[in-house]
**Student:** 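Questions regarding the structure given below will be posed in turn.
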2 protein chains.
Amino acid sequence: MGRWEPDARERLVRAALDLFGEQGYENTAVAQIAERAGLTKSTFFRHFRDKREVLFGGQDELAEVLTTGIAEAPEGAGPLAAVGAALVAVSAWFTDAQRAYGPQRQAVIAGNDELRERAALKMVGFAVAMTDALKRRGVAELEAAVAAELGVLAFQRGYDAWLEAGGDFGEITRRTLRDVREAASSLEGAE
Amino acid sequence: MGRWEPDARERLVRAALDLFGEQGYENTAVAQIAERAGLTKSTFFRHFRDKREVLFGGQDELAEVLTTGIAEAPEGAGPLAAVGAALVAVSAWFTDAQRAYGPQRQAVIAGNDELRERAALKMVGFAVAMTDALKRRGVAELEAAVAAELGVLAFQRGYDAWLEAGGDFGEITRRTLRDVREAASSLEGAE
């Protein structure tokens, strides 16, 4: 079992999601996940810090890709175009394998308050990362914050649409970003 | 000490914030807060569930007032006008006494990861409450979500401006909501 397991990560994710669904997230120990996957606990910990990371792993890397996507958007691109570029930049993460796990992962999160909070904080983290990246492009603070929040709404809606129907994540979020932008324009003036 | 203490709540808040500032939030026990305030632990627990609630108490009530403010906005009011009405409805909460604690409270929160997360989740909760209230007014889901997010940005900015300069909270957030709305309008189209 100490030998190289090329598909260890995927087996661990599969085992964890199955166990979370069968007996609840709270009632599942790392040792059980490893056992179900036919692997050792130390193999688990080579891939994940804890069982929560099976659900939320890659968050920092994703924030980093969003940041880079904004930084590398064409010089003349406005804030929303830069956010759109960031959403395209992360699309490589949203593979068919990821999509296969999606509904099960969402069901586990929906059933647990702490996990729902964690998911909400993940989105807050993405908004902060995008706001900061936009400010580094010279976008004014308020415009940056608004564009980032609209970007997060587009990201969430795009993710749901992609889980439901599949397709190219970048193309889908480009569409949801346009929808969000139109919704913002349709709002009446505040006075 | 078991007798009625009319200013117990305020004394507890003052003692807690002082201790959090002096020795750190993590290192402060409820017993110490009560002692500093010259009250008993059981008096503390009549006012607050735990020490965190000294910082975040009233969150559910505030969400409720936002919800009611949106529900009771004039029939013809658009989503942003309804959000503006909600921000005016909560302004009664933002008293001079509240404002006096504000900077100390914010410093404690800024210095602790868990508290920063809690503050972020409070805003997520307000966004959810306002989105739901707008949907109950017949606002389409996406417009409701966008208006609520803009409302939260206006709330946060308004709170900061109010802490800094004082004044009427409702009037200040009416101005920040207009600023946020203008920032959203100034964003270029997504394509």
Side-chain angles (χ1 to χ4, degrees), chain A residues 73 76-85 87-88 113-114 116-128 131 134 139-154 156-158 160-161 173-191, chain B residues 76-88 113-114 116-128 131 134 139-154 156-158 160-161 173-191:
Chain A
L80 274 186
V83 166
L87 295 176
V88 169
D113 284 349
E114 185 214 323
R116 278 208 307 276
E117 290 192 350
R118 182 54 42 193
L121 286 171
K122 183 172 163 176
M123 292 301 138
V124 172
F126 289 168
V128 170
T131 301
L134 287 166
V139 177
E141 210 273 329
L142 185 55
E143 279 75 16
V146 171
E149 289 297 345
L150 298 183
V152 165
L153 285 176
Q156 290 174 304
R157 259 137 241 275
D160 290 344
T173 51
R174 185 174 281 278
R175 192 183 68 227
T176 53
L177 184 59
R178 199 168 51 225
D179 293 344
V180 168
R181 170 69 178 101
E182 275 167 20
S185 307
S186 80
L187 296 173
E188 85 286 7
E191 306 288 273
Chain B
L80 274 186
V83 166
L87 295 176
V88 170
D113 284 349
E114 186 214 323
R116 278 208 305 277
E117 290 193 350
R118 182 53 42 192
L121 286 170
K122 183 171 163 177
M123 292 302 138
V124 171
F126 289 167
V128 169
T131 302
L134 287 167
V139 177
E141 209 272 330
L142 184 54
E143 278 75 16
V146 171
E149 289 298 344
L150 297 183
V152 166
L153 285 175
Q156 290 175 305
R157 259 139 241 277
D160 290 344
T173 51
R174 185 174 281 279
R175 192 182 69 226
T176 53
L177 184 60
R178 200 169 48 227
D179 294 344
V180 168
R181 171 68 178 102
E182 274 166 22
S185 307
S186 80
L187 296 172
E188 85 287 8
E191 305 289 271

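The sequence lines fix the lettering, A, B, ..., with proteins before strands; numbering per chain opens at 1. Keep in mind that what you see is a predicted model, and the values were worked out from it rather than measured.
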**Student:** Is chain A contacted by the side chain of B:R116, its backbone, both, or neither, given a heavy-atom distance below 4.5 Å?
**Tutor:**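 For B:R116, no heavy atom lies under 4.5 Å from chain A.
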**Student:** If you define the side chain from C-beta out and look only at heavy atoms, does anything of A:V152 sit under 4.5 Å from B:E149?
**Tutor:**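 In short, these two side chains do not touch, never coming nearer than 4.5 Å.
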**Student:** Count the heavy-atom pairs under 4.5 Å between each of A:G125, A:A184, A:A77, A:A154 and chain B, then report the option with the highest count.
**Tutor:** A:A184
**Student:** If you take all heavy atoms of A:L187 and B:E143, which pair is closest and at what distance?
**Tutor:**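 Closest heavy-atom pair between A:L187 and B:E143: CD2-O, 4.1 Å.
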**Student:** Give, as side chain, backbone, both or neither, the part of A:V124 having an atom under 4.5 angstrom from any heavy atom of chain B.
**Tutor:** side chain
**Student:** If I measure from the heavy atoms of chain A, does B:S185 come under 4.5 Å with its side chain, its backbone, both, or neither?
**Tutor:** backbone
**Student:** Checking heavy atoms, do the side chain of A:L142, its backbone, both or neither come under 4.5 Å from chain B?
**Tutor:**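 Both backbone and side chain.
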**Student:** In terms of heavy-atom proximity below 4.5 Å to chain A, should B:L153 be classed as side chain, backbone, both, or neither?
**Tutor:**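 Side chain only.
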